[in-house]
Number of protein chains: 2
Amino acid sequence: MTEIEKTLDNKSIRPTAMRILIYKFMAGKKTAVALTDIENAFEKAERTTLYRTLKTFEEKGIAHQIDDGTNISKFALCQPGCNCEIDQDLHLHFHCSQCDKTICLTEHKIPHINLPSGYIAEDVNLVIKGICDSCSEH
Amino acid sequence: MTEIEKTLDNKSIRPTAMRILIYKFMAGKKTAVALTDIENAFEKAERTTLYRTLKTFEEKGIAHQIDDGTNISKFALCQPGCNCEIDQDLHLHFHCSQCDKTICLTEHKIPHINLPSGYIAEDVNLVIKGICDSCSEH
DNA sequence: GGAATAGTGCAACAGAAGTGCATTTAATGC
DNA sequence: GCATTAAATGCACTTCTGTTGCACTATTCC
């Protein structure tokens, strides 16, 4: 049993060939991926399978969904410090308007916000748009 | 010339009948509206016209677009204190997962975030998801 | 009043998200 | 091992939002 298979198994996700491939693909990326990204990377793969795989990953808590403002859902594997499903200790995301990549800034936590009375926060999403480090070099 | 016409004129938006109606509709709402919301409210209206009207409102700086994580763009009129196009003094938004409404919390500003070197922020989007005040009463 | 410009309506397209169902694959019990 | 069950996958199709092109209409400017 490989490391990836163990990871999936721990979260009771059956480690099928497809899922392992997708996991590897996501792990190799520094950026969040959209459904289309994976679809293009694996020409043989069915969109539905990818769609449901990502949903599964998210539901089981090994990946989180990111809305970067492009109206395209992106996904990223949870890093060791990522407690996205447990508490509000959420990191923020950066979307580069030049290379169109979305990056998890895992060490940057979202500061606590005081809401007006009556409002109950369940999830916080903070996306900063701008130019990423590799694009700003040029 | 009514107050609304003046507002539009100030931003060099020709105050057509349609635009005034849409402006009124948005002004009467406490929440951000999606294209479909307006479409349903005015059965006679064309989606394209609404679409372009909202775009115009946004470009001219009397409304701002909100990504609340539903992958559906919403729009809200800028309030007097809203400097969404001028500086980074951006307010945050609340999305209720129960009634599906998106609310501008204009008096709640987004705290400043220190980015890693190389990253240049141009825009910040902070959305809190949860239960809004009217839904939490029940 | 007539030319130029801006706004609107209609049609059509693109892309993403999502669903239903048949088929394949894997896990379980005997 | 083999049958039974459940899960995963592949295919087709639908829906919804966003978007563009083009013709037509209304408005402004001279």
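Fair warning: this is a prediction, and the values are worked out from it, not measured in the lab.
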Check: Side chains of B:Met18 and B:Ile22: does their closest heavy-atom pair fall under 4.5 Å?
Finding: yes
Checklist line | Selection: residues 65-74 of chain A, any non-hydrogen atom under 4.0 Å of DNA chain D | finding: none
Write down the atom of [X], the atom of [Y], and the distance for their closest heavy-atom approach.
| X | Y | answer |
| --- | --- | --- |
| B:Cys78 | B:Gly61 | SG-O, 4.0 Å |
| B:Glu58 | B:Phe75 | OE1-CE2, 4.1 Å |
| A:Ala121 | B:Ile128 | CB-CG2, 3.6 Å |
| B:Pro15 | B:Ile20 | O-CD1, 3.7 Å |

Rounding to a whole Å, what distance do you find between [X]:[atom1] and [N]:[atom2]?
| X | N | atom1 | atom2 | answer |
| --- | --- | --- | --- | --- |
| B:Lys55 | D:dT17 | NZ | C1' | 13 Å |
| A:Glu39 | D:dT9 | CD | P | 15 Å |
| B:Leu50 | D:dC16 | CG | C1' | 16 Å |
| B:Phe75 | D:dT17 | CZ | P | 13 Å |

List, one per line, each side-chain donor-acceptor pair under 3.5 Å for residues 45-54 of chain B, sequence neighbours excluded.
residue : atom : partner : partner atom : Å
B:Thr53 : OG1  : B:Thr49 : O            : 2.6

Check: Taking the side chain from B:Asp37 and the backbone from B:Ala34, do they hold a donor-acceptor pair closer than 3.5 Å?
Finding: yes
Listing time: all N or O pairs from protein to nucleotides 25-30 of chain D that are below 3.5 Å?
none

Next item on the list: Return each pair, listed once, that meets ring-ring contact (aromatic ring centres under 6.0 Å, His included) where at least one residue sits in residues 101-134 of chain B; pairs must be two or more places apart or across chains.
Entry: A:Phe94-B:Tyr119
Margin query: Suppose clustering is done on Ile, Leu, Val, Met, Phe, Trp and Tyr with side-chain heavy atoms closer than 4.5 Å. Which residues sit in the same group as A:Val127?
Written below: none
Next item on the list: Check whether more than 12 heavy atoms from other residues, nucleotides or ligands sit under 6.0 Å from atom NZ of B:Lys101, and answer yes or no.
Entry: no
Notebook entry, point to check: Only one of A:Asn125, A:Val124, A:Ile110 clears side chain to side chain contact (heavy atoms under 4.5 Å, CB included) with A:Leu92; which?
Noted result: A:Ile110
Short heteroatom pairs, N/O only, protein and nucleotides 10-13 of chain D, under 3.5 Å:
residue : atom : partner : partner atom : Å
D:dG10  : OP2  : A:Thr49 : OG1          : 2.8
D:dG10  : O6   : A:Arg52 : NH2          : 2.6
D:dC11  : OP2  : A:Glu46 : OE2          : 2.9
D:dC11  : N4   : A:Thr48 : OG1          : 3.1

Next item on the list: Examine D:dG18: is either OP1 or OP2 under 4.0 Å from a nitrogen or oxygen in the side chain of B:Tyr51? Give yes or no.
Entry: no
Next item on the list: With sequence neighbours excluded, tell me which residues meet side-chain hydrogen bond (donor to acceptor under 3.5 Å, both in side chains) with A:Gln65.
Entry: A:Ser73
Item checked: side-chain hydrogen bond (donor to acceptor under 3.5 Å, both in side chains) involving A:Asp68 - partner list, sequence neighbours excluded -> A:Thr70, A:Lys74, A:His95, A:Thr102
Cut-off 3.5 Å, no hydrogens considered: what does the side-chain donor-acceptor table look like for residues 23-31 of chain B, sequence neighbours left out?
none

Notebook entry, point to check: Which residues satisfy the ring pair (Phe, Tyr, Trp, His ring centres under 6.0 Å) test with A:His93, sequence neighbours excluded?
Noted result: A:His64, A:His91
Checklist line | Inter-axis angle, terminal five-pair segments of the helix from C:dG1-D:dC30 to C:dC30-D:dG1 [nearest 10°] | finding: 30°
Note to self: Taking any atom closer than 4.0 angstrom to a non-hydrogen atom of chain A, what span of DNA chain C does the protein reach, first nucleotide to last?
What the structure shows: C:dA16 to C:dA27
